[in-house]
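Accompanying notes for the structure given below.
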2 protein chains.
Amino acid sequence: MEHRIEQIKKQLHAQNYKLTPQREATVRVLLEREEDHLSAEDVYLLVKEKSPEIGLATVYRTLELLSELKIVDKINFGDGVSRYDLRKEGAKHFHHHLVCIECGSVEEIVNDLLEDVEKIVEKDFGFEVKDHRLTFHGICRQCQGAVVKATQ
Amino acid sequence: MEHRIEQIKKQLHAQNYKLTPQREATVRVLLEREEDHLSAEDVYLLVKEKSPEIGLATVYRTLELLSELKIVDKINFGDGVSRYDLRKEGAKHFHHHLVCIECGSVEEIVNDLLEDVEKIVEKDFGFEVKDHRLTFHGICRQCQGAVVKATQ
DNA sequence: ACATTAATTTATAATTATTATTAATATAAA
DNA sequence: TTTATATTAATAATAATTATAAATTAATGT
Ligand SMILES: [Mn+2]
Ligand SMILES: [Mn+2]
Ligand SMILES: [Zn+2]
Ligand SMILES: [Zn+2]
């Protein structure tokens with residue numbers, strides 16, 4: 001935890017940004033909920049629990065800044081809000097997601113999986129890939145089980 | 001054109017929906033601009049040119065309906081608006097996109113490319129894939145050329 | 001330590017995209 | 001033609017996000 005905070009502090013300083021108490025509180029929430037996919041409002045409410053004086057606009061600005069620095073990735077699962085996802089330590093690319101169309105659960109895949117596809121994109125389409133967003137929509141393991149149960 | 005309209009009409013009727021003049025006008029705009037990635041507002045303005053009496057909410061409702069029927073795919077490139085993309089004729093899955101971070105251009109890839117990846121997702125993660133969203137962020141061919149030019 | 005400057009935050013207003021409501025209209029069925 | 005249902009238009013409401021301006025904080029130089 002403290003190690004990642006230090007690391008992020010360095011990344012901010014490298015671009016002449018400060019790690020203000022508000023920014024640190026925001027980062028801490030993201031670290032504590034690393035598996036989750038929080039909206040700006042979600043983050044705001046969680047930060048507020050420990051730092052009640054923080055403003056919503058500050059959270060938005062902080063998340064925007066962290067996105068620019070590639071510390072978090074902004075993603076939209078189609079439910080009308082942007083969600084913010086801490087990039088895995090040392091990861092070059094954003095990780096992938098499995099969204100269940102039955103229960104809405106979101107699972108993460110940290111394996112790269114796209115190396116071959118990216119080679120094709122670079123060669124056949126002349127496109128220099130910097131990052132990607134890959135989301136699968138389907139039925140999660142639990143919901144598959146539920147269907148089997150229901151039809152028995 | 002007329003052929004695809006007829007096809008969509010059937011898809012609507014199969015679910016007890018009517019192809020009203022407003023819906024047809026909307027579909028025609030989507031067909032005419034098949035390569036583009038129009039927002040609801042974009043579609044509205046284009047439909048209005050030919051059917052000035054249409055309301056924005058109707059366009060939203062129509063696009064929502066077409067999404068439910070998998071006739072169009074709703075996608076978000078992170079610029080704050082949903083965009084609507086006609087599904088390629090007969091395509092089982094949504095196609096992919098290359099978004100240039102320099103000029104903002106969006107190119108389409110209709111090749112599947114994900115067959116192997118989906119097999120892994122199904123086997124290793126027990127997730128039954130129904131559809132996907134894959135977008136690459138990077139530098140398009142033109143912008144790569146521009147950089148070379150600029151540094152010569 | 002004090003003054004100066006720039007960065008940041010807060011509080012709030014404004015904007016924008018999207019959805020909900022309700023009365024009117026069109027369509028289909030009886 | 002009547003009746004029921006689906007759909008639309010017009011508008012209001014909502015919700016997410018961004019902009020603004022004054023206040024605060026942090027860094028810098030004296
Ligand atoms: Mn994630
Ligand atoms: Mn497309
Ligand atoms: Zn599920
Ligand atoms: Zn480009």
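Atom set for the values below is all heavy atoms of this structure, side chains included, hydrogens, waters and symmetry mates excluded. Each chain gets a letter, A, B and so on, in the order its sequence line appears, and its residues count up from 1.
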_Nearest-neighbour nucleotide for the B/K18 side chain, D/dT7, C/dT8, D/dA9 considered_ = D/dT7

*Nearest listed nucleotide, side chain of B/A40, among C/dA20, D/dA9, C/dT18*: C/dT18

_Value in whole Å for how far the P atom of D/dA15 lies from OH of B/Y60_ = 16 Å

_Whole angstrom value for the distance that separates C1' of D/dA26 from CD of A/E24_ = 15 Å

*Which of the following nucleotides, D/dT7, C/dA17, D/dA9, is nearest to the side chain of B/R23?*
D/dT7

*In whole angstroms, how far is the P atom of C/dT9 from the CD atom of A/Q22?*
5 Å

*5'-most contact on DNA chain D: B/Y17 or B/A57, nearest heavy atom basis?*
B/Y17

_Minimum-distance nucleotide (side-chain atoms of A/V81 versus D/dA26, D/dA16, C/dT9)_ = D/dA16

*asked:* Need to verify one output field. Residue with the more 5' nearest nucleotide on DNA chain C, B/T20 or A/T62?
replied: A/T62

*With the side chain of B/R61 defined as its heavy atoms from C-beta on, choose the nearest nucleotide among D/dA9, C/dA11, C/dA28.*
D/dA9

*Mind checking whether B/H132 and B/H96 have parallel, tilted or perpendicular rings, split at 30° and 60°?*
tilted

_Minimum-distance nucleotide to A/T58 side chain [options: C/dT9, D/dA9, C/dT8]_ = C/dT9

_Please compare B/H13 and B/N76 by the position of their nearest nucleotide in DNA chain C and report the one closer to 5'._
B/N76

